[in-house]
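Chain letters run A, B, ... following the sequence lines, proteins first, then strands; residues in each count from 1.
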Number of protein chains: 2
Amino acid sequence: MATIKDVARLAGVSVATVSRVINKTDFVNPETAGQVLKAIEQLQYEPNAVARGLAGKKMGIIALILPDILNPFFPALARGVEDVAHKKGLTVILGNSDDLGLKESSYIKVLKKKYVDGFIIASNTIREEDVEALRKERIPIVLLDRGLNTASCAVIRSNNREGAKIGVQHLIEQGCQRIAHIYGPQEFITARERLLGYEEIAKGLSGYSPSLMVSGNFDIEGGRKAVEQLLTRHPDVDGIFAGNDLMGVGALKALHERGIRVPEEVKVCGFDGIGLTEITEPELTTVAQPIYEMGKLAARILLDEIESGIRENSIIELDVTLIPRKSTQ
Amino acid sequence: MATIKDVARLAGVSVATVSRVINKTDFVNPETAGQVLKAIEQLQYEPNAVARGLAGKKMGIIALILPDILNPFFPALARGVEDVAHKKGLTVILGNSDDLGLKESSYIKVLKKKYVDGFIIASNTIREEDVEALRKERIPIVLLDRGLNTASCAVIRSNNREGAKIGVQHLIEQGCQRIAHIYGPQEFITARERLLGYEEIAKGLSGYSPSLMVSGNFDIEGGRKAVEQLLTRHPDVDGIFAGNDLMGVGALKALHERGIRVPEEVKVCGFDGIGLTEITEPELTTVAQPIYEMGKLAARILLDEIESGIRENSIIELDVTLIPRKSTQ
DNA sequence: GTATTAAATGTAACCGTTTACATGAAAAAC
DNA sequence: GTTTTTCATGTAAACGGTTACATTTAATAC
């Protein structure tokens with residue numbers, strides 16, 4: 001592969017001039033520039049990204065660290081990030097943290113050494129110190145789904161509490177009186193917020209009882225078990241608001257196993273809006289986050305910060321939308 | 001951040017010696033090495049990966065290019081690749097090609113400039129020339145699901161034809177007589193092989209007819225439409241072998257809409273073994289590929305080639321396994 | 001007509017490693 | 001007691017760019 005020196009030689013100029021032409025970083029006599037461009041064309045020259053990276057401390061790579069790409073929530077996010085990055089000529093490094101602080105830190109450490117331009121981290125467990133360390137080194141970072149106590153960097157999330165209220169409200173409108181909630185791990189702010197949203201509305205119902213809230217671990221199996229537990233406590237539930245779609249699916253499964261008809265006897269609403277909700281039987285009503293858009297937005301904000309160098313601290317809360325389907329009609 | 005020069009200074013040796021200690025690339029007096037190690041520790045020194053990359057033409061990054069991470073087949077693959085890479089201290093760059101040759105080439109071009117150590121490409125459309133170009137520059141590459149005509153690099157895939165035979169055989173064993181096949185785009189070798197496998201077995205059935213084969217585009221909607229078409233042609237089908245799980249899901253949906261009971265009236269079998277198959281109602285019998293394992297294997301082979309420098313040309317065909325579920329019992 | 005400024009380009013240091021080659025000291029060979 | 005090896009380390013040239021600063025020439029000011 002040709003190097004900048006080859007181009008300089010062929011064009012009869014110095015490497016500095018070639019660099020100037022390539023990067024449009026300084027004025028170059030149009031005639032000279034023409035020579036350089038011709039040489040570049042002739043040699044099929046392409047600047048080496050690593051050399052550039054070494055000189056400029058930026059490799060044109062953004063790091064996307066998320067809990068687990070196998071969790072159906074994250075592919076859409078990743079795709080959103082990648083689409084924006086790709087359009088701007090950047091590439092994306094993907095890391096699965098399994099929500100393990102240690103793994104996260106290790107990714108950050110390794111990737112800093114690779115001069116990634118910035119980080120997008122979807123994490124419920126990231127430590128404050130990690131964010132601070134990045135901030136100190138002026139490495140841009142955008143967080144997804146992280147608590148607002150930390151406004152030391154841009155945070156993108158959806159309006160979880162409002163979403164929960166919308167979901168519960170919908171169940172009420174569909175005629176439910178005894179509405180249960182399956183909540184996710186309370187370390188996760190998203191799970192906490194949704195629980196609060198549920199409580200806020202459900203508390204006002206005549207059939208309300210705190211024991212209508214059961215824990216479900218954010219996965220299918222958790223949702224199933226939660227419903228089994230719930231049914232022994234409250235055989236008379238007529239609505240279930242699941243803290244995410246996976247638990248919603250689990251709920252549907254458990255109900256189906258027990259021969260309880262959805263939506264006739266019990267209505268179920270999920271949260272997230274992942275693709276799965278369209279293939280259950282019945283299809284699952286859900287409070288949908290704009291997942292793909294969140295990924296795109298995160299990438300855009302990060303790229304802005306990378307380009308401008310000015311730190312973005314805002315917390316952006318995106319609206320969710322109810323998608324009514326068979327499971328509640 | 002401390003550099004190798006700082007370490008050299010503090011330890012009172014040359015940078016070459018430090019480099020030797022770090023990389024164990026040459027003998028160093030244990031006492032000197034001790035000094036160096038102490039200095040490294042004291043300065044919290046970590047070698048800069050980009051400088052290393054520039055010097056060694058390897059960034060410790062592997063590129064994973066796949067059609068679309070949103071397609072539920074691929075997250076498991078990506079996770080397999082990433083897990084192996086991470087264990088060896090490498091990172092993974094993810095690219096979505098949308099099965100567009102142009103996008104693929106563009107990724108390859110960009111990533112070569114970033115000195116990625118190697119490529120894993122899951123593609124049905126990759127061009128021979130792209131592979132050759134990489135081979136020529138001695139950049140390791142592993143292909144997933146690509147035709148055997150090209151044995152100029154390692155290829156990993158599962159035994160699609162055999163899998164199809166197993167699936168159809170299973171339907172027969174469950175008592176089906178008129179078994180239809182929904183096939184994927186015939187540009188894809190996987191789709192062709194599965195079709196061939198189906199034909200091989202189905203041809204022998206008394207109720208066989210070529211019009212039992214309908215095209216379905218490898219997605220849910222395609223599967224649904226295919227079944228609608230199929231039912232007008234052959235209202236008496238009693239078994240459907242879908243070329244992949246997504247079309248299998250579509251088939252279930254179409255049948256459900258028409259009030260045709262699965263498995264009582266029609267049995268359905270999919271192919272791939274993605275997670276979706278466990279949440280349909282009824283759960284979908286499928287011929288499962290070891291997706292996660294394929295990802296791991298691809299990464300392992302690639303890493304071997306990267307380390308050893310010796311070119312791997314084998315075609316590895318992995319076994320598939322039938323997972324019998326409600327949709328065929 | 002000299003001083004000042006602007007325009008265009010070159011020189012060389014720097015980014016942080018690796019590594020071929022050179023060097024010097026000590027050990028082995030004769 | 002030289003000569004040859006071996007061992008341990010240093011020197012400096014890559015790797016392939018960017019960029020601060022210097023330099024040269026032409027244009028403008030006075």
Side-chain angles (χ1 to χ4, degrees), chain A residues 1-37 39-40 43-61 110-117 137-139, chain B residues 1-37 39-40 43-61 89 110-117 137-139 309:
Chain A
M1 267 213 183
T3 73
I4 198 170
K5 280 182 199 161
D6 301 325
V7 174
R9 203 174 306 135
L10 181 60
V13 299
S14 73
V15 294
T17 300
V18 178
S19 178
R20 284 178 192 118
V21 172
I22 295 168
N23 302 303
K24 304 188 207 313
T25 168
D26 214 338
F27 192 89
V28 174
N29 185 309
E31 210 171 313
T32 317
Q35 303 281 301
V36 172
L37 257 14
I40 288 176
L43 294 172
Q44 296 262 54
Y45 167 74
E46 308 245 7
N48 180 298
V50 181
R52 271 190 163 163
L54 182 58
K57 295 191 191 300
K58 270 191 202 174
M59 280 293 297
I61 296 176
V110 168
L111 292 174
K112 264 169 29 180
K113 291 191 259 175
K114 295 196 179 166
Y115 283 161
V116 299
D117 301 31
E137 305 184 52
R138 318 212 77 239
I139 302 176
Chain B
M1 267 215 183
T3 74
I4 198 171
K5 279 182 200 163
D6 301 325
V7 174
R9 202 174 307 133
L10 182 59
V13 300
S14 73
V15 294
T17 299
V18 177
S19 178
R20 285 180 191 116
V21 171
I22 294 169
N23 302 302
K24 304 186 206 314
T25 169
D26 213 338
F27 190 90
V28 174
N29 185 310
E31 209 170 315
T32 318
Q35 304 281 302
V36 173
L37 258 13
I40 288 176
L43 295 171
Q44 294 262 54
Y45 167 74
E46 308 247 6
N48 180 297
V50 181
R52 271 191 162 165
L54 181 59
K57 295 192 193 300
K58 268 191 203 174
M59 279 293 296
I61 296 177
V110 168
L111 293 173
K112 264 171 25 180
K113 292 191 259 175
K114 295 196 179 168
Y115 283 161
V116 301
D117 301 30
E137 304 184 51
R138 319 212 78 238
I139 302 177

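Taking atom CD on B/Q35 and atom C1' on D/dA8, their separation rounds to 14 Å, with Å as the unit. Atoms CZ (B/R9) and P (D/dG10) sit 14 Å apart, rounded to a whole Å. Atoms CG (B/D26) and P (D/dG10) sit 12 Å apart, rounded to a whole Å. Nucleotide D/dC15 holds its P atom 18 Å from the NZ atom of B/K58, rounded to whole Å. Taking atom CZ of A/F27 as the reference point, atom P of C/dA8 lies 4 Å away to the nearest angstrom. In this structure, B/N29 atom CG and C/dA25 atom C1' are separated by 13 Å, rounded to whole Å. Atom CE of B/M59 and atom C1' of D/dC15 are 13 Å apart (whole Å). Distance CZ (B/R20) to C1' (C/dA22): 11 Å, rounded to an integer number of Å.
In the set D/dT18, C/dT17, D/dA8, D/dT18 carries the atom at the smallest distance from any side-chain atom of A/V15. Residue A/T17 places its side chain closer to C/dG10 than to any other of C/dG10, C/dC15, C/dA20. Listed nucleotides C/dC15, C/dG10, C/dT17 differ in distance to A/Y115; the shortest reach to its side chain belongs to C/dC15. The side chain of B/N48 has C/dT17 as its nearest neighbour among D/dG16, C/dT9, C/dT17. The side chain of A/A51 has D/dG17 as its nearest neighbour among C/dA8, D/dG17, C/dG16. Side-chain proximity of A/I4 to the nucleotides D/dG17, C/dT17, D/dG10 is greatest for D/dG17.
Distance alone, capped at 3.5 Å, places no donor-acceptor pair between the A/D6 side chain and the A/A2 backbone.
Residue B/T3 is in sugar-phosphate contact alone, with no base atom involved, counting any heavy-atom pair closer than 4.0 Å across all strands shown. No contact: A/E31 has no heavy atom under 4.0 Å from any strand. Here A/V50 lies out of heavy-atom contact (under 4.0 Å) with every strand. A/K57 comes within contact range of the sugar-phosphate backbone alone, with a heavy-atom separation under 4.0 Å but no base atom that close.
Counting only heavy atoms from C-beta outward, the side chains of B/I61 and B/Y115 never approach each other to under 4.5 Å.
Taking for each of A/S14 and B/Y45 the nucleotide of DNA chain C with the nearest heavy atom, the 5'-most of the two is the partner of A/S14.
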